[in-house]
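For reference, the structure discussed in these notes is given below.
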Protein chains: 2
Amino acid sequence: MIKRGAEPFNNFIAIPGDLVAEDEDLEPAASSVLKSLTGLENIFMEQLYTFGKVDRHPQGRIITVAYYTLVNIEEVTPTPASFAADIQWLSFDDIPQLAFDHNEILAKAIERLKWRAHTKPIGLELLPVKFTLSQLRKLYEGILEKTLDKRNFRRKIIKMDILIALDEKQKNVAHKAARFYKFDVEKYHNLSKEGYIFSM
Amino acid sequence: MIKRGAEPFNNFIAIPGDLVAEDEDLEPAASSVLKSLTGLENIFMEQLYTFGKVDRHPQGRIITVAYYTLVNIEEVTPTPASFAADIQWLSFDDIPQLAFDHNEILAKAIERLKWRAHTKPIGLELLPVKFTLSQLRKLYEGILEKTLDKRNFRRKIIKMDILIALDEKQKNVAHKAARFYKFDVEKYHNLSKEGYIFSM
DNA sequence: ATTCTTATTGTTATTTTTACACTTACAACA
DNA sequence: TGTTGTAAGTGTAAAAATAACAATAAGAAT
């Protein structure tokens, strides 16, 4: 999130964004906002929804085409622009009243993310290359806001056949070391296409 | 579909649309296109996707916020505007090359409709108030482009508990008369909300 | 050697899905 | 009036998916 430094909604928190240039496609415009603040490129990004109420910006007609992205926060390297712009990462539970209709945009994004996690595989964009099944399960639990049975989750995700088990385990953990897995990227993307229901 | 009467793409078929006025919200703008051509109001309508490629319109930058709707064609009363505008209803199989990127828009709509039929109940907007289970099944078969087993479909749809059986049957049909059903509108809409998977 | 913590594994009961065929009701026709 | 054609309506069994549930294993810390 970004803290605004000008009216209207001065000092309010807002979702980062920018105007789209006359000769700029929509998705590159969104990508460039992401890159300028996080340094990230070639990240999963999907159009969310277009918000166009006449009065959503007090100073004129602004139509916002919102995109959402899934980023692994550990890969983010804050850029000079992000320091200058007063960027912060907020937990969903700590979201205050935002500028403009941005709470509505965020609500739509959360709804979409839940639906996505409910019906499609998720995690490729959010986890390190190597991860344990517990990490993957906790990701789902976080997004879906419910706990999942360890054994049933394991069985279900393995049967999807999108994981490759590695010959490598955790080290220096004060408990039994967990095996690492990685995604079979091609199979992962196949299941992400339309027509397949995950049902987690 | 509408036949264009001006350059560019003169005489090409296109998806109906209009410019959004400076003081007009997006959804009313879409509704008003629908109403002017079909007379229909208060119809299910959902934002589909926003198309914004720089070069999608040869004469300038046009960003299209596409909406799709489900209409019962028997309720449509062609308006004077629709005659003037050379409106026609086309089967999906008869779609020619369209103006601009409209084939792409249509493909997105079909994809969305299939996903919707696959995961949510459908039919309230498309069928007469009273309908038979065969009609409902054939609607699903048409959208999903596959045949569904009569008995299994019946069992599944009944268990969803969104139908109300009427004490009325078909008349003057040269076979056993089918019972009419109607939707339990409230339950239907509950299941249409996020978080529920239909899986047909 | 004991303790603490998380990983890993299997079974059973229940529910859901799939595949599949015969009888019934009605109109049309001979 | 009975024969034919057509779509409606119905049941069952096998297979698959889901849900609920607890004990053992591995490694670090003490």
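Here chain A contacts DNA chain C (any atom closer than 4.0 Å to a heavy atom, that is under 4.0 Å), and the contacts span C:dT5 to C:dT11 from 5' to 3'. Scanning DNA chain D 5' to 3' for nucleotides with an atom closer than 4.0 angstrom to a non-hydrogen atom of chain A gives a first and last hit of D:dT18 to D:dA28.
A:R56 places no side-chain N or O within 3.5 Å of a backbone atom of A:D101 that could act as its donor or acceptor partner. Of the possible polar contacts, one joining the A:N103 side chain to the A:L98 backbone as a donor-acceptor pair under 3.5 Å is found. Between the side chain of A:R4 and the backbone N or O of A:P8, at least one donor-acceptor pair lies under 3.5 Å.
Every side chain to side chain donor-acceptor pair (under 3.5 Å) that B:D161 has, sequence neighbours left out, goes to B:K187. With sequence neighbours excluded, the residues satisfying ring-ring contact (aromatic ring centres under 6.0 Å, His included) with B:H57 are B:F100. Under the salt bridge (Lys or Arg N to Asp or Glu O under 4.0 Å) criterion, A:D149 pairs with no residue, sequence neighbours left out. The side chain to side chain contact (heavy atoms under 4.5 Å, CB included) test applied to B:K176 returns no partner, not counting sequence neighbours.
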Nucleotide pairing, DNA chain D (Watson-Crick or G-U, distances under 3.5 Å), in dot-bracket with [ ] and |: ||||||||||||||||||||||||||||||

For residues 136-147 of chain B, dump all side-chain donor-acceptor pairs below 3.5 Å to protein atoms at least two apart in sequence or in another chain.
unit_1, atom_1, unit_2, atom_2, d
B:R137, NH1, B:E141, OE2, 3.4
B:Y140, OH, B:I122, N, 2.9
B:E141, OE2, B:L148, N, 2.8
B:E145, OE1, B:K114, NZ, 2.5

Which pairs would a plain distance check flag for residues 67-77 of chain A, meaning a side-chain donor or acceptor within less than 3.5 Å of a matching protein atom at least two apart in sequence or in another chain?
unit_1, atom_1, unit_2, atom_2, d
A:Y67, OH, A:Q47, OE1, 3.4
A:Y68, OH, A:E46, OE1, 2.9
A:T69, OG1, A:F44, O, 2.7
A:N72, OD1, A:E74, N, 2.9

For residues 167-174 of chain A, tabulate all N or O donor-acceptor pairs below 3.5 Å that involve a side-chain atom, not counting sequence neighbours.
unit_1, atom_1, unit_2, atom_2, d
A:E168, OE1, A:K130, NZ, 3.2
A:E168, OE2, A:K130, NZ, 2.8
A:Q170, OE1, A:A178, N, 3.0

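Residues from residues 159-168 of chain B placing a heavy atom under 4.0 Å of any atom in DNA chain D do not occur. Scanning residues 128-152 of chain B for heavy-atom distances under 4.0 Å to DNA chain D yields B:S134, B:K150, B:R151.
Enclosure of atom CD in A:E7 by more than 12 non-hydrogen atoms of other residues, nucleotides or ligands within 6.0 angstrom is indicated. The environment of B:K53 atom NZ is sparse: at most 12 non-hydrogen atoms of other residues, nucleotides or ligands sit within 6.0 angstrom.
In summary, of the residues considered (A:R154, A:R155, A:K150, A:K156), a side chain to side chain donor-acceptor pair (under 3.5 Å) with A:N152 occurs for A:R155 alone.
Checking B:F198 against B:V173, the closest nucleotide of DNA chain C that is more toward the 5' end is the one next to B:F198. Closest-nucleotide positions on DNA chain D for A:R155 and A:Q170 were compared, and the one nearer the 5' end corresponds to A:R155.
Annotation: the span from B:Y181 atom OH to B:T132 atom OG1 amounts to 9.5 Å, rounded to 0.5 Å.
B:R179 comes within contact range of the sugar-phosphate backbone alone, with a heavy-atom separation under 4.0 Å but no base atom that close.
Because its NZ or CZ atom is both nearer than 6.0 Å to the ring centre of A:Y49 and within 45° of the ring axis, A:K108 counts as a cation-pi partner of that residue.
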